[in-house]
Every structure is written in structure tokens, then in C-alpha cells.
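Take a look at the structure set out below.
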Amino acid sequence: MKKTARLLLMLFVLASLIVVGRDRMLMHASADDGKKHGSDASDVSDPSETERNPEAPEEIASVIREELKLFPIPQSISHPDYRADFEDSWMSTRTFGGERGHEGTDIMLTPNERGLFPVLSMTDGIVEKKGWLPQGGYRLGIRSDGGIYYYYAHFYDYADDIEVGASVASGQLLGFAGDSGYSNIEGTVGNFPVHLHIGIYYNNEQGIETAVNPYPFLVPLEPLIMDY
């Protein structure tokens, strides 16, 4: 009986170590995904590992201004009461995964209904990243011809033709806004109101990925008018 009990105890400890090791590997994989491939670093890893520049150098800012063609949330013809509101929330405090600064702009949506608001590509580009991140939920990363990385987070779902490696054009449907994220469990929703997070990144002269405040670039953009 004692040998059996010791054997069961050893098996339990071994299983626990395997689970812990798997979870740590998954956490490191998520962090590496953000650091290497341009995902919003404030949403996947230690924010100290990404440079921040609220005002991009003029040569970068001019590229961003030229590439951005339209606001990512269209205006509804049928429902003039549907609203997309945003403010300058750059570096405001976020706490999921540890206290950090907000590297982006949140576009808050009314009514608060996941899957209702279409998300359109602001630029031409190539889909570089797609899928789940703990903080960003279902996200997309689009790399423009100018080398800028445009990050869209918290999707409800994706458009059918949006896959990694696919070319997208400005105004193309990427998916629908939601409230996915803030969990290591893929598919988690409901931890915050429905909104679209926008991040903008470029590589500085040292090749370091650098976050820039999207707010001033979003302000002048006009939405497409669509029937939804």
C-alpha cells in the first residue's frame, strides 16, 4: 500500500511539472510572437521591450499619413445612432498581464454588440499575423508597402478571405469588431466592452520595433458609408 501511495504521489508531481512547463512555454511563445512579428507589444509582453515614440519622425509620419486611406469603422446608413468614439489614450494604464502603458488607440463602439461593426483595412498591405494573443484576443497585423505594421485587435471574427500572406486593399473587410482577449484561453470574450484597438509600429534606425501614437493619424480619417 505504501509503495502504491508513493507511486501515485510521484505521478501526480510529474504531471504537475509537465503542466507548469507547458504553460510557461505557451506564455513565452506568445511573448516572442509579439516581439518578433510586430504585434502590439503592450498586449503580449513586457512593455519595456518595445520602444515608444508618440511622435514619429517626420519621414515615418509622412509615410503613415500617405498610407492611411480611411477610418477602420464605417458609418452606417441604416443606423445613424451607431457610434464609433475614440480619444487619446496613449500610455494610459492597463493591468492585465502586469501594469503597462497602452500602446494604441481604442475605438469604442455603440451599441456594445460583438459582431455588429465591420472593420475595414485602413491601408493596402499584406496580412503578416492572424490569430489569438492573450491581451489582443483575435488580432490581425498588416504590413504596408512602406514597412509600417498596422495592428488591429479584439476581433469577433475574420472575413473569409483574410489569411496570413494575403494581400489586402484599403477599404477591404477584415472582420467584425468584438471583445475577445484578456485571457490565455482562446475564444474568451466579455472582459471589456466591444471595441477596436489600433496600434501602429515602425522599425527605427537601429532596427528596433517602435510604437507610435495612432490618435493624431486617426483624427483626420473619414469613414466609408455602408449599409449595415
Side-chain angles (χ1 to χ4, degrees), residues 27-72 86-94 96-107 119-131 133-137 139-154 162-172 174 181 196-221:
M27 289 176 66
H28 287 307
S30 295
D32 287 342
D33 186 35
K35 288 181 283 184
K36 295 178 182 177
H37 300 290
S39 302
D40 182 352
S42 71
D43 271 7
V44 293
S45 62
D46 184 346
S48 66
E49 295 173 356
T50 297
E51 295 289 330
R52 303 185 192 90
N53 188 359
E55 295 184 4
E58 181 52 36
E59 62 270 23
I60 297 297
S62 63
V63 171
I64 296 171
R65 286 193 294 266
E66 182 178 352
E67 291 182 336
L68 290 172
K69 304 299 184 185
L70 50 84
F71 194 71
F86 65 102
E87 60 185 22
D88 190 353
S89 59
W90 178 254
M91 287 297 110
S92 59
T93 301
R94 298 292 186 270
F96 180 82
E99 187 168 319
R100 55 197 166 84
H102 186 232
E103 291 183 6
T105 297
D106 288 339
I107 302 173
V119 177
L120 308 182
S121 181
M122 301 181 292
T123 67
D124 300 340
I126 303 293
V127 178
E128 188 171 291
K129 301 300 293 184
K130 173 187 175 182
L133 290 176
Q135 282 84 356
R139 92 326 192 166
L140 282 175
I142 295 176
R143 183 76 63 180
S144 71
D145 291 341
I148 309 299
Y149 188 89
Y150 297 94
Y151 175 75
Y152 305 74
H154 310 309
I162 299 299
E163 298 294 342
V164 172
S167 297
V168 297
S170 60
Q172 183 172 338
L174 300 178
L196 175 66
H197 171 99
I198 295 293
I200 300 178
Y201 296 82
Y202 69 96
N203 292 328
N204 67 17
E205 293 179 352
Q206 290 73 43
I208 299 173
E209 182 179 77
T210 304
V212 61
N213 186 359
Y215 177 79
F217 298 102
L218 292 173
V219 169
L221 296 180

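We're numbering straight along the sequence, starting at 1.
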Closest non-hydrogen atom pair, Y152 against I198: CD2-CD1, 3.5 Å
Looking only at heavy atoms, which two atoms of P214 and G199 are closest? And how far apart? CG-CA, 4.1 Å
Within a strict 4.5 Å, meaning less than it, do heavy atoms of the [X] and [Y] side chains meet?
{"X": "I107", "Y": "F71", "value": "yes"}
{"X": "L196", "Y": "T105", "value": "no"}
{"X": "L68", "Y": "T123", "value": "yes"}
{"X": "K129", "Y": "Y149", "value": "yes"}
{"X": "S167", "Y": "I126", "value": "yes"}
{"X": "V212", "Y": "I60", "value": "no"}
{"X": "I142", "Y": "M122", "value": "no"}

Just by modelled atom types, is the [Y] backbone N or O under 3.5 Å from a matching donor or acceptor in the [X] side chain?
{"X": "R139", "Y": "G131", "result": "yes"}
{"X": "H154", "Y": "G136", "result": "yes"}
{"X": "E67", "Y": "G146", "result": "yes"}

Proximity of F217 and Y150 rings by center, below 6.0 Å: no
May I ask you to check whether over 12 heavy atoms, not counting those of E58, lie within 6.0 Å of atom CD? yes
Testing V168, I162, L70, L140 for side chain to side chain contact (heavy atoms under 4.5 Å, CB included) with S121, which one passes? V168
Distance from [X] atom [atom1] to [Y] atom [atom2], nearest 0.5 Å?
{"X": "E66", "Y": "I148", "atom1": "CD", "atom2": "CD1", "result": "11.0 Å"}
{"X": "K130", "Y": "L174", "atom1": "NZ", "atom2": "CG", "result": "10.5 Å"}
{"X": "Q206", "Y": "E209", "atom1": "CD", "atom2": "CD", "result": "14.0 Å"}
{"X": "N203", "Y": "T210", "atom1": "CG", "atom2": "OG1", "result": "7.0 Å"}

